Structures are given as C-alpha cells and as structure tokens.
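Take a look at the structure below.
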Amino acid sequence: MIKKIYVVRHCKAVGQPSESPLTEEGLKQSRSLVEFFSNKNIERIISSPFLRAIESVEPLSNNKNVKIEIDERLSERILSTTDLPDWYEKLKDTFEHIHLKFEGGESSNEAANRILHVVDDVFKSKIENTLIVTHGNIMSLLLNHYNDMFGFDGWNNLSNPDVFQLILTKNEVHMERIWR
C-alpha cells in the first residue's frame, strides 16, 4: 500500500502568536488550496492548534467534508521564550547544531522528533492520504529528516503556503515539493 502525506505550511498570517489569523491574502490562498487539492483524495486532515494553520485548511476541510483533527505536536517550534534580537542567526545555528537550545526553547532535534512522531503515527495508520498543516520551522526540520540538504536555506526558501508530499512505498519515504 502506498501512503501519502501532504505537508502544508500555513497561508500568510497577520503575525506569529498562536492566535494570529490569516491576512486577506492568506484567506484567498486558503481557497486556492481547495482548488489545488480538488483532484486529490484527502481522507484525513491534521492541524497545528494555531489559528493560522486551522484557517488555512478550513475551506479544504469543508470542501472535502473531512473533520480537522488538532495535534499539539504540529505547533511551531519555540526557539526561545526570551526576546532574541539576533533570532535569525540563532535559528541558523540551530540547524547546524541540532542539540543547541535557548532559554525556554526547543532544540532542532526535540522539535523534529515531535513532528516525526506525527508522521510515523500517520504512516502506521490504515489511512492512505493524509494532509497535515503546520509551520515553517518545524516543517523544515521534518523535511530535513528526509533530505539532509533541506536545512536552514530550505527553511529560508519556504513560502506561505507551501506544499510537500511524502510518499511511503516499501518502507522508503520520497519527498517532493508539489506547490508553492
């Protein structure tokens, strides 16, 4: 049996807090996702609890008549609970040193393990076609697991939204960007 997971980075949002909604452009993008997935079988939708992730997939959920399941493990990675004026450089460092951790934050390794558990659970399920919607940093850590060339630069080149496909065949996962 071939299993597919569509990994979606949320559409454009007003800000970074968990309660940040989509912008007007982001709402249009969420409707574009419906069109993009119109000819694809989606049996399950799992989302980060962040509002921008849920709003990104609500139109698709309604169109496909598939309930959105919320999974905390898809929440964006916390780099630090303190303000980091040089957060960009610090984030880059965490891609090079996967166990590096800042005050109150997660290491790249910890965050990657979180989303990898979701993907493993999905691949072990009986469902063939699942869509997960998440955030750029944690998504890039997942993609880096399957392609170690997808590091900081891969994160930096993600768009809102962005869609990758993971296909599991014969215990091997193939990754491909299918929309941006």
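Position 1 is the first residue of the sequence; numbering continues from there. All values reported here derive from a predicted model rather than from experimental measurement.
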Say whether, by atom type as modelled, one donor and one acceptor occur between the side chain of [X] and the main chain of [Y] under 3.5 angstrom.
X      : Y      : value
Arg52  : Val14  : no
Glu176 : Gln165 : no
Thr94  : Leu100 : no
Arg77  : Glu106 : yes
Ser18  : Phe50  : no
Asn113 : Glu110 : no
Gln29  : Asn160 : yes

Could you check if a side-chain atom of [X] sits within less than 4.5 angstrom of a side-chain atom of [Y], using non-hydrogen atoms only?
X      : Y      : result
Leu60  : Val133 : no
Lys40  : Lys4   : no
Leu143 : Asn147 : no
Val122 : Arg44  : yes
Arg177 : Leu158 : yes
Leu33  : Val8   : yes
Ser56  : Arg9   : no
Phe102 : Thr82  : no

Say you draw a straight line from [atom1] of [X] to [atom2] of [Y]; how long is it, rounded to the nearest 0.5 Å?
X      : Y      : atom1 : atom2 : answer
Asn156 : Ser140 : CG    : OG    : 10.0 Å
Thr81  : Glu103 : OG1   : CD    : 5.0 Å
Tyr6   : Thr130 : OH    : OG1   : 10.0 Å
Ser107 : Leu79  : OG    : CG    : 11.0 Å
Glu69  : Leu131 : CD    : CG    : 11.5 Å
Glu89  : Trp87  : CD    : CH2   : 9.0 Å

With clusters defined by side-chain heavy atoms of hydrophobic residues (ILVMFWY) lying less than 4.5 Å apart, directly or transitively, does [Y] cluster with [X]?
X      : Y      : result
Met139 : Leu74  : yes
Ile98  : Leu91  : no
Val173 : Ile46  : yes
Val7   : Leu116 : yes
Val118 : Ile70  : no

Heavy-atom pair with the smallest gap, counting every atom of [X] and [Y]:
X      : Y      : value
His135 : Ser75  : CD2-C, 3.8 Å
Asp162 : Ser159 : OD2-N, 3.0 Å
Glu128 : Met1   : CG-SD, 3.5 Å
Leu22  : Ser30  : CD1-CB, 4.3 Å

Practice problem: Apply the side chain to side chain contact (heavy atoms under 4.5 Å, CB included) test between Glu55 and each candidate in Cys11, Ser20, Ser47, Pro21; give the one that qualifies. | Solution: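 When side chain to side chain contact (heavy atoms under 4.5 Å, CB included) is applied between Glu55 and each of Cys11, Ser20, Ser47, Pro21, only Pro21 qualifies.
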Practice problem: Have a look at Phe37 and tell me which of Val57, Asn63, Val163 forms a side chain to side chain contact (heavy atoms under 4.5 Å, CB included) with it. | Solution: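 Of the listed residues Val57, Asn63, Val163, the side chain to side chain contact (heavy atoms under 4.5 Å, CB included) partner of Phe37 is Val163.
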Neighbour count >12 (heavy atoms, 6.0 Å) for atom [atom1], [X]:
X     : atom1 : result
Lys28 : NZ    : no
Glu19 : CD    : yes
Asn39 : CG    : yes
Asn41 : CG    : yes

Exercise. Determine, stepwise, if the pair Phe164 / Tyr146 fulfils ring pair (Phe, Tyr, Trp, His ring centres under 6.0 Å).
Key: CA-CA 12 Å; Phe164 285 77; Tyr146 295 109; over 10 Å; no
Practice problem: Hey, can you tell me if Phe152 and Tyr88 have their rings parallel, tilted or perpendicular (30° and 60° cut-offs)? | Solution: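 Judged by the thresholds at 30° and 60°, the geometry between Phe152 and Tyr88 is perpendicular.
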Exercise. Give the intermediate values and the outcome of side chain to side chain contact (heavy atoms under 4.5 Å, CB included) for residues Leu142 and Leu166.
Key: CA-CA 10 Å; Leu142 170 69; Leu166 302 177; 4.2 Å; yes
Quiz prompt | By side-chain contact (heavy atoms from CB on, under 4.5 Å) - contacts of Val66 (at least two apart) | solution =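 Counting only residues at least two positions away or on another chain, Val66 forms a side-chain contact (heavy atoms from CB on, under 4.5 Å) with Ile45, Lys64.
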